[in-house]
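Atoms considered below: every heavy atom in the structure, side chains included; atoms not considered: hydrogens, waters and symmetry mates. Nothing here was measured: the structure is a model prediction, and the numbers come from that model. Throughout, protein chains are lettered first and strands after them, A, B, ... in sequence-line order, and every chain is numbered starting at 1.
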Amino acid sequence: MRVTLDESLCQAYGNCLLAAPEIFDLDAVSPVVTILQPRPAESLREEVEEAVRTCPVEALLLHED
Amino acid sequence: VRDVVVVGASLAGLRTAEALRREGFDGRLVVVGEENHPPYDRPPLSKAFLSTELGSEDLHLRQSADLRAEWLLQRSVRRVDQREQTVALSDGSSLHYDGLVIATGAAPRRLPGIDLSIPGVHELRTVDDARSLRDELSGVPRVVIVGGGFIGAELASTCRGLGLDVSVVTDLPLLATALGSLAGAATARARDHGVRVVDTAMVTGLATGDRVAGVVLSDGRTIPADVVVVAVGAVPRTSWLEGSGAILDNGVVCDETLAVRGLPSAVAAGDVARWPHPALGGALLRIEHWTNAVEQAAAAARRLVHGAAPAHAPVPSFWSDQFGVRLQGVGLAHCADEVIVVDGEPAGDQFLAEYRRRGEVVGAVVAGAGGAARLLPYRRDLVGRLRTPVS
């Protein structure tokens, strides 16, 4: 499992951070979120999927590779 | 479950359909939608869609590749037969279901005395509504917005951004439902940005010529207007369920797993669903936020596919972009009895406020960049605590 961010879409809402704080981060100066773990452990699948689903601008993608 | 009919082809309907597949549902999946558009995203309709040249196709929601759904658009469900497990469609056909998903959302509330057929009078729910409003905004009209909720406030912000003369008429401070006692600050922010906020009188009717000319207030004044937008909340779309057995009371009444009460084999998700959030000790809750639709979709699909599910106990959340500020919130602010500003100034660009009930935090609202990070500790705390009744 691999998660990617389209930085041209991200508007730093941070819903991903609320869903999966182990995977994403956001600070007050960055215009986009940061992916802390591009290849999350399988045990975090539910959180990662929720993060992808709750992105208001569909900037996150989950890849099964 | 072999045949599932999803009624409603917007965010909640699409995400429930996707979640059904994710949960292993392999049968026939039909989605019925009234509009002539595939599922699209509504939040931009009060913001970017009005101020740019976006087309409806730019709003289409991403769909999972393996959805395998049949889309019946420009059709609605007229009637549900609980005994036969069929739905009758507006085109005269009928469909059998083993599982029914109710995701028909809500429709703009209408006001007596405001005739939407008068040229210049608008409401805002669909992309077609937004397009017809956008066409008129290019003529630099004086805009009067009736209603001060999220849509009214965002619309006022967008119209000010376009340089228009904007008034908001509301019987409550702006965002009163979402912000509680901080709503006065939202009103102040709007005024700082040049919006005329009238919160001392109600709208009683319209002044008209060959098109709308103004809104008439309860104190006898008339505010001149070239465009009037009615944004006074929404009512759940449930009339098609009358006679189905489903219990209807300001929405489709569900149990704690989002199974519809009174209508077997049915679940509900999104604006239309009203369910007992475990934190509220049995009291019913209906939420019209985007995130709620996505979260309920997952929970409702689980319930339908597996026949059982844990109680749905989300930490509700919202966001709103207006007047250069992003407001974000988590929790159940509406049941707070006290609001404490922990940091910043509520009428300013950055603040953090805690919503407490009997001393316990039940929600938090933040404004400013990086706000989600500041909400995270609250969300983490509430994830556990909202599973059982708050005091």
To the nearest 0.5 Å, what is the distance between [atom1] ([X]) and [atom2] ([Y])?
X      : Y      : atom1 : atom2 : result
A/L17  : B/R379 : CG    : CZ    : 9.5 Å
B/E295 : A/R53  : CD    : CZ    : 9.0 Å
B/R380 : A/L18  : CZ    : CG    : 10.0 Å
B/L376 : A/F24  : CG    : CZ    : 13.0 Å

| message | Closer than 3.5 angstrom, by distance alone: can the side chain of B/R326 be matched with the main-chain N or O of A/A12 as a donor-acceptor pair? | response | yes
Minimal non-hydrogen separation, [X] against [Y], with atom names:
X      : Y      : result
A/L26  : B/A372 : CD2-CB, 4.0 Å
B/R15  : A/E58  : NH2-OE2, 3.1 Å
B/D321 : A/Y13  : OD2-OH, 2.5 Å

| Under 4.5 Å from a heavy atom of chain B, the part of A/E50 involved |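 Only the side chain of A/E50 comes within 4.5 Å of chain B.
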| field | Interchain contact, A/P56 with chain B, by part (heavy-atom threshold 4.5 Å) | value | both
| Side chains of A/N15 and B/Q328 in contact at under 4.5 Å (non-hydrogen atoms) | yes
| task | Evaluate whether atom CD of A/E22 has more than 12 neighbouring non-hydrogen atoms of other residues, nucleotides or ligands under 6.0 angstrom away. | result |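 Buried by this count: over 12 neighbours within 6.0 Å.
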| request: Using a cut-off of 6.0 Å, state whether more than 12 heavy atoms not belonging to B/D349 lie near its atom CG. | output: no
| remark: Applying a strict 4.5 Å limit to non-hydrogen atoms, the region of B/A298 in contact with chain A is side chain
| field | Proximal component of B/V315, with respect to chain A [non-hydrogen, under 4.5 Å] | value | neither
